[in-house]
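Below: the structure, in structure tokens.
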2 protein chains.
Amino acid sequence: MNGALAAFAEHGFNGASMRDIAKRADTSLSNVYNYFPSKEDLLVAVLKDTNGELLRRTNRTVAAAKPNPTDRLRAAVRAYVGFVVDAQPASIVALSELRYLGGERRKAVVAARDETEALFLRLVEEGVESGEFTTTRPHDATRAVLLLCATVANWFRPDGELSREAVAELQADFALALVGARNN
Amino acid sequence: MNGALAAFAEHGFNGASMRDIAKRADTSLSNVYNYFPSKEDLLVAVLKDTNGELLRRTNRTVAAAKPNPTDRLRAAVRAYVGFVVDAQPASIVALSELRYLGGERRKAVVAARDETEALFLRLVEEGVESGEFTTTRPHDATRAVLLLCATVANWFRPDGELSREAVAELQADFALALVGARNN
DNA sequence: GTCTATACTAAGATAGAC
DNA sequence: GTCTATCTTAGTATAGAC
């Protein structure tokens, strides 16, 4: 499945060929079909795996953070951005290739993605209730926060000006600005 | 070229076929090749056109706005989001398909895109100089603002809860939050 | 479980007539 | 400028042996 991930990240779902995927996995074309009945099923597996890992990581980090909304949202953004930086190809695929899935396959992946969105939304709403966040549009602010986290995959360069940690801090600051945090 | 735009928006660069593009343009396959030597050249034409139109529109709107940085940035974001909503398929293509271009073709499109980025960066820096914006990272804030504008293409629905104008206002508020505007 | 071989379809691009 | 017809390559997927 790692070979597929790399191929999808490099060439996109439609640009990646099953032959290339097989080669990257050091196996034969028809062996790939032994494990995955179609190319779409391969993409589903990749996307589910990525979304699951992101959710687990974010959940764990938030649970370990201080209980106030500001610190919790900060922790969540740090976790998300940390994941994106650590698993950049997977994050690129998750961000850009979902659109090529339709029907039931799409639904399954969207459900997984929505769990993470729900987690972030809860954090934002907690902050609004406690008065730490002043946004009047928690849903829209949450979407903006998630987009900023996810799109790091499209521009981050490991050898760039910003370190892993610096990017996470930067995006956390942006997130708090978006929800209208009073003290950050 | 409109047929190509629709096909790229619907299926992505690699998923769209020249035959489908020809059909949408109500002409023959080989006639498409009469106007564009290759599929990549078609994509370049589409992307240049989109970026050019976006830049023109943003420039015009900013020039007509009040001279203070806050109003100017607001106007720029409104113009960008307005364009994205009006030309949603083109905006989707501009956002997602640039990655399939390499070499000289890519450079030409990136240069066009960078002009708009430079315009926004100038607005942000003006605000920082005048003291209206408090961000310490104008480049990163500008990137975040542009991303929020561009990604509207991926979720906006004409029949959704938010009207064209409401989305533009919303994103303008977010943009001002991102640059740390004092009074918005 | 893994392979080689192959069926079948569709892709990008071109030739050459009108 | 526009078409039909075609070349060539590569794609997804399967059959069937080991």
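Each chain gets a letter, A, B and so on, in the order the sequences are listed, and its residues count up from 1. As the structure is a computational prediction, the values presented were derived from the model and not from experiment.
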According to the salt bridge (Lys or Arg N to Asp or Glu O under 4.0 Å) rule, which pairs have a member within residues 6-21 of chain B, sequence neighbours left out? B/E10-B/R24, B/D20-B/R24
Tell me which pairs pass salt bridge (Lys or Arg N to Asp or Glu O under 4.0 Å) where either residue lies in residues 25-37 of chain A, with sequence neighbours left out. none
Rounded to whole Å, please give me the gap between [atom1] in [X] and [atom2] in [N].
X     : N      : atom1 : atom2 : value
A/L42 : D/dT12 : CG    : P     : 11 Å
B/Y33 : C/dA11 : OH    : P     : 11 Å
B/E40 : C/dA11 : CD    : C1'   : 15 Å
A/F13 : D/dT12 : CZ    : C1'   : 10 Å
A/N14 : C/dT9  : CG    : P     : 20 Å

Using side chain to side chain donor-acceptor pair (under 3.5 Å) as the criterion, list what pairs up with B/R60, not counting sequence neighbours. none
Using a strict heavy-atom distance below 4.0 Å, which residues from residues 43-50 of chain A are in contact with DNA chain D? none
Looking at DNA chain D, which of residues 15-23 of chain A put a heavy atom within less than 4.0 Å of it?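 Residues of residues 15-23 of chain A that come under 4.0 Å of DNA chain D are, in numerical order, A/A16, A/S17, A/M18, A/R19.
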Enumerate the residue pairs fulfilling side chain to side chain donor-acceptor pair (under 3.5 Å) with a member in residues 140-159 of chain A, sequence neighbours excluded, ordered by first and then second residue.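 Matches after skipping sequence neighbours: A/R137-A/D140, A/D140-A/R143.
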Please examine the side chains of B/S130 and B/P69, heavy atoms only from C-beta on, and report whether any two atoms are closer than 4.5 Å.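 Counting from C-beta outward, B/P69 and B/S130 do come under 4.5 Å.
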Under the salt bridge (charged side-chain N to carboxylate O under 4.0 Å, His left out) test, which residues partner A/K23, sequence neighbours left out?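 None.
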Donor-acceptor check, side chain of A/D114 to backbone of A/E117, threshold 3.5 angstrom: yes or no? no
Which is true for B/Y35 with a 4.0 Å heavy-atom rule: it touches a base, it touches only sugar-phosphate, or it touches nothing?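 Result for B/Y35 = sugar-phosphate.
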Identify each donor-acceptor pair in which a side-chain atom of residues 38-52 of chain B lies under 3.5 Å from a protein atom, sequence neighbours left out, and give them as a table.
residue : atom : partner : partner atom : Å
B/S38   : OG   : B/E40   : N            : 3.4
B/S38   : OG   : B/D41   : N            : 3.3
B/S38   : OG   : B/D41   : OD2          : 2.8
B/K39   : NZ   : B/F13   : O            : 2.9
B/K39   : NZ   : B/A16   : O            : 2.7
B/E40   : OE1  : B/R105  : NH1          : 2.6
B/D41   : OD1  : B/R105  : NE           : 3.1
B/D41   : OD2  : B/R105  : NH2          : 3.3
B/T50   : OG1  : B/V46   : O            : 3.0
B/N51   : ND2  : B/L47   : O            : 3.0

Partners of B/S163 by side chain to side chain contact (heavy atoms under 4.5 Å, CB included), sequence neighbours excluded?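 B/S163: side chain to side chain contact (heavy atoms under 4.5 Å, CB included) contacts with B/E165, B/A166.
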Any residue meeting side chain to side chain contact (heavy atoms under 4.5 Å, CB included) with B/Y33, in chain and number order, not counting sequence neighbours: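 Testing B/Y33 for side chain to side chain contact (heavy atoms under 4.5 Å, CB included), a comparison that skips the adjacent residues, returns B/M18, B/L29.
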Enumerate donor-acceptor pairs with a distance under 3.5 Å from any side-chain N or O in residues 118-129 of chain B to protein atoms, sequence neighbours excluded.
residue : atom : partner : partner atom : Å
B/E126  : OE1  : B/R72   : NE           : 3.2
B/E126  : OE2  : B/R72   : NH2          : 3.4

Nucleotide N/O of nucleotides 3-5 of chain D paired with protein N/O under 3.5 Å:
residue : atom : partner : partner atom : Å
D/dC3   : OP2  : B/T27   : OG1          : 2.7
D/dC3   : OP2  : B/S28   : N            : 3.1
D/dC3   : OP2  : B/S28   : OG           : 2.9
D/dC3   : OP2  : B/N31   : ND2          : 3.4
D/dC3   : N4   : B/S30   : OG           : 2.9
D/dT4   : O4   : B/S30   : OG           : 2.7

